[in-house]
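Data first, discussion second: the structure below is written as structure tokens.
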2 protein chains.
Amino acid sequence: MYDTKMNWDDIKIFLEVARSERLSTAAKRLSIDASTLSRRVHKLEESLSTKLFERTVEGHKLTQNGDKLLQFARQMELNASQAFKNITDENIQNSGQVRIGVTEAFGSFFISPHLIALQESFPNIDIELLHFSRNVKISRNEADIAIAVEKPKNTSTIISKLCDYQLQLYGHKTYLDKVMGRIDLSQLSSYRWVSYVDNLLFTEQLSYLKELDSNIKPHFQSTSITSQYTAIKSGLGIGILPCFLAEQDKSLIKLCSNEIKVIRSLYLITHPESKRLSHVNSVWQYLKQLVADKRTVLMPDN
Amino acid sequence: MYDTKMNWDDIKIFLEVARSERLSTAAKRLSIDASTLSRRVHKLEESLSTKLFERTVEGHKLTQNGDKLLQFARQMELNASQAFKNITDENIQNSGQVRIGVTEAFGSFFISPHLIALQESFPNIDIELLHFSRNVKISRNEADIAIAVEKPKNTSTIISKLCDYQLQLYGHKTYLDKVMGRIDLSQLSSYRWVSYVDNLLFTEQLSYLKELDSNIKPHFQSTSITSQYTAIKSGLGIGILPCFLAEQDKSLIKLCSNEIKVIRSLYLITHPESKRLSHVNSVWQYLKQLVADKRTVLMPDN
DNA sequence: GTTAGTATTTGCAAAAATGCAATGCTTGTT
DNA sequence: AACAAGCATTGCATTTTTGCAAATACTAAC
């Protein structure tokens with residue numbers, strides 16, 4: 001993992017030196033002796049095998065690596081102060097920060113609209129929606145709750161199926177007019193397709209086209225589902241879109257709805273260490289309830 | 001701020017005890033003596049004036065406050081390991097994590113679609129989009145770059161105007177049919193309005209209706225702009241929407257476009273400590289370029 | 001060129017933290 | 001009931017860290 005010889009407390013004092021740019025003033029602010037400070041900074045540099053400061057006449061200036069450390073040290077400081085605040089403040093029930101990691105489409109078009117309602121239900125919970133372009137690493141604590149299209153291999157996580165969602169073929173009038181308003185199922189590869197950039201997919205779950213017809217060569221590719229949506233809307237071609245995204249836009253026409261139908265699942269993932277926190281669990285339950293309520297948006301055919 | 005007497009390194013060892021649930025095994029894993037461990041855990045508890053563990057026969061079980069600390073301790077661990085990785089790995093130029101804090105509308109409808117392109121331009125930069133429902137506190141390091149509708153009062157931040165964006169009055173055919181397809185400017189308060197929940201606004205910048213006619217009483221209110229969008233779309237009433245959101249949906253009709261026009265600005269905010277990091281600066285520049293390229297989407301009339 | 005001033009580092013004694021051995025506590029076994 | 005085993009804690013000698021004072025380095029002013 002990482003070097004446990006690094007003393008986290010030295011990072012705390014590093015922060016102060018980086019900000020004061022002067023060992024002596026940092027020492028005063030920390031109420032420790034400048035000599036101690038000097039020695040501890042050197043110790044930290046040794047444990048990282050790098051120089052963190054350039055000792056100039058103008059004081060301690062951060063090196064490039066010092067800058068890098070500063071970035072994370074600041075986050076550690078934020079966490080430490082949040083921890084302190086959470087613990088010493090009168091224990092407000094069901095309060096704290098919950099970071100939800102989502103994929104683009106589900107995040108922007110399904111969760112986002114209900115995020116604020118969630119915040120109204122739990123005024124003391126601070127929700128953060130994180131858009132990751134790859135799978136969130138719950139085990140690495142990048143988020144408290146992840147919503148993913150595939151189950152992580154990782155064993156140390158709590159996984160619960162959130163829902164199924166349906167995807168269908170959609171097109172816009174502009175393009176359909178060009179192809180006489182009909183899609184011939186036996187000639188799928190002759191149309192202009194909008195899809196993901198194959199080799200940039202972080203999961204096989206999104207390679208819909210291969211399931212339909214391996215001969216299809218997409219005409220417009222994007223790693224962003226929103227871009228695909230916009231492309232289809234502007235008549236660039238046809239493509240597979242989640243119904244919860246496409247159905248809210250009446251200008252899109254559902255095509256071959258009985259023949260072409262893709263079902264995918266979403267999984268709710270968390271870490272045992274997070275799950276037992278009441279506020280994380282509240283959000284978990286809320287999300288479960290939300291998809292239950294919006295079942296018809298996710299699976300229009302059921 | 002917070003108690004500086006808290007030793008961050010004690011949080012590191014706390015983590016191990018919380019996970020091992022056993023002082024002795026935690027000691028082995030940390031290669032320090034169990035007695036030291038015991039003393040340091042007690043010291044941490046003292047400095048926080050709280051009990052972190054319930055010492056039971058089954059080992060050290062976290063208390064409620066222990067759980068709270070664990071949550072933040074895990075994040076600190078992630079940060080520490082990222083810092084270590086970033087510094088010890090061969091210095092890959094322009095790499096690292098950049099957290100962009102955005103508001104709902106701009107995040108979901110403007111940034112999100114281009115987020116992946118950004119990631120393609122800078123493959124070594126990890127982008128995180130954070131949706132905050134309030135102003136992001138850059139000074140507290142909640143994000144590396146914030147995009148906000150008003151300048152923060154805080155002096156210690158770097159602020160740069162990102163762009164102006166235009167908002168207009170929109171409605172859907174469903175509702176317009178009910179009011180004979182015309183909006184009478186002298187009778188604005190007689191229509192059904194969709195808007196924000198006044199007293200929940202985190203900034204005055206979003207109280208558009210007061211500027212138009214103080215007599216308007218909204219018929220549908222939501223703190224979520226996406227919900228307002230959906231409400232207007234479904235014919236619940238008319239409302240002010242950002243053009244970059246509404247223009248992409250041809251089913252919405254722009255109303256009184258010459259008479260009712262709201263202009264707002266967005267500001268790019270960062271912290272001096274972040275700004276000098278090359279990867280944060282790269283993203284900053286990218287965002288500047290992006291709004292320049294998409295000028296017409298943000299300000300259709302110019 | 002000398003001197004005063006400020007800032008960081010080093011020497012050393014005092015203070016604090018650590019490891020080891022021993023103690024006390026509980027549980028499960030004979 | 002006695003005993004062994006496992007665990008957290010305490011006493012004490014040892015090691016490490018700390019603060020103070022002194023030393024060193026460097027600049028700026030006269």
Side-chain angles (χ1 to χ4, degrees), chain A residues 3-67 69-70 73 76 80, chain B residues 3-67 69-70 73 76 80:
Chain A
D3 193 81
T4 52
K5 273 151 206 156
M6 175 164 57
N7 185 324
W8 287 12
D9 208 55
D10 287 344
I11 299 176
K12 184 175 76 188
I13 63 113
F14 156 86
L15 253 181
E16 198 51 58
V17 178
R19 286 175 177 155
S20 310
E21 293 204 334
R22 202 110 247 177
L23 214 54
S24 43
T25 56
K28 275 197 201 90
R29 297 168 63 93
L30 291 164
S31 335
I32 59 174
D33 196 84
S35 60
T36 308
L37 205 42
S38 169
R39 280 183 284 239
R40 285 181 66 174
V41 169
H42 280 285
K43 189 155 63 75
L44 183 63
E45 288 183 320
E46 268 173 52
S47 76
L48 289 167
S49 325
T50 188
K51 206 150 65 108
L52 295 170
F53 292 103
E54 214 67 69
R55 277 88 172 164
T56 71
V57 220
E58 289 95 37
H60 278 56
K61 300 276 187 199
L62 285 166
T63 61
Q64 199 179 326
N65 278 335
D67 259 337
L69 179 59
L70 177 63
M76 289 178 78
Chain B
D3 193 81
T4 51
K5 272 151 206 154
M6 176 164 57
N7 185 323
W8 287 13
D9 208 56
D10 287 344
I11 299 175
K12 185 175 76 189
I13 64 112
F14 156 87
L15 252 182
E16 197 51 58
V17 178
R19 285 174 178 156
S20 309
E21 293 205 334
R22 204 107 249 174
L23 213 55
S24 44
T25 57
K28 275 198 201 91
R29 296 167 63 94
L30 291 164
S31 332
I32 58 173
D33 196 84
S35 60
T36 307
L37 205 43
S38 169
R39 281 183 283 239
R40 286 182 65 176
V41 169
H42 281 284
K43 189 157 62 75
L44 183 63
E45 289 182 320
E46 267 173 52
S47 76
L48 289 168
S49 324
T50 187
K51 207 150 64 115
L52 295 169
F53 292 103
E54 214 66 70
R55 276 87 171 167
T56 70
V57 266
E58 289 97 36
H60 278 57
K61 300 277 186 199
L62 286 166
T63 60
Q64 199 180 326
N65 279 335
D67 259 336
L69 179 58
L70 177 64
M76 289 177 77

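Per chain, numbering begins at 1; letters A, B, ... match sequence-line order. All heavy atoms count here, side chains included; hydrogens, waters and symmetry mates do not.
Taking 4.0 Å as the cut-off between side-chain N and carboxylate O, A:K12 and B:D9 do not count as a salt-bridged pair. Ion pair A:E45/A:R55 flagged as a salt bridge, since at least one NZ, NE, NH1 or NH2 atom sits closer than 4.0 Å to an Asp/Glu carboxylate oxygen.
The interatomic distance linking B:N7 (CG) with D:dT16 (P) rounds to 18 Å, in whole Å. Regarding A:E58, its CD atom lies at a distance of 17 Å from the P atom of C:dT6, rounded to whole Å. If you take CD of B:E54 and P of D:dA8, they are 14 Å apart, rounded to a whole angstrom. A straight line from CG of A:D9 to P of C:dT18 spans 11 Å, rounded to a whole angstrom.
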Give me, pair by pair, the N or O atoms of the protein and of nucleotides 7-13 of chain C that are less than 3.5 Å apart, along with how far apart they are.
from	atom 1	to	atom 2	distance (Å)
C:dT8	OP1	A:L23	N	3.1
C:dT8	OP1	A:H60	ND1	3.4
C:dT8	OP2	A:L23	N	3.4
C:dT8	OP2	A:S24	N	2.9
C:dT8	OP2	A:S24	OG	3.1
C:dT9	OP1	A:H42	NE2	3.3
C:dT9	OP2	A:S38	OG	2.6

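The only option from B:I32, B:L30, B:L37 that meets the side-chain contact (heavy atoms from CB on, under 4.5 Å) definition with B:E16 turns out to be B:L30.
By the side-chain contact (heavy atoms from CB on, under 4.5 Å) test, A:T50 pairs with A:L48, A:L52, A:N65, B:I87, sequence neighbours left out. The side-chain contact (heavy atoms from CB on, under 4.5 Å) search around B:E54 returns B:K51, B:T56, B:K61, B:T63, not counting sequence neighbours.
Heavy atoms of A:L37 sit nowhere under 4.0 angstrom from any nucleic acid atom.
In summary, the side chains of B:R29 and B:T25 do not present any donor paired with an acceptor at a separation below 3.5 Å, with no hydrogens or angles considered.
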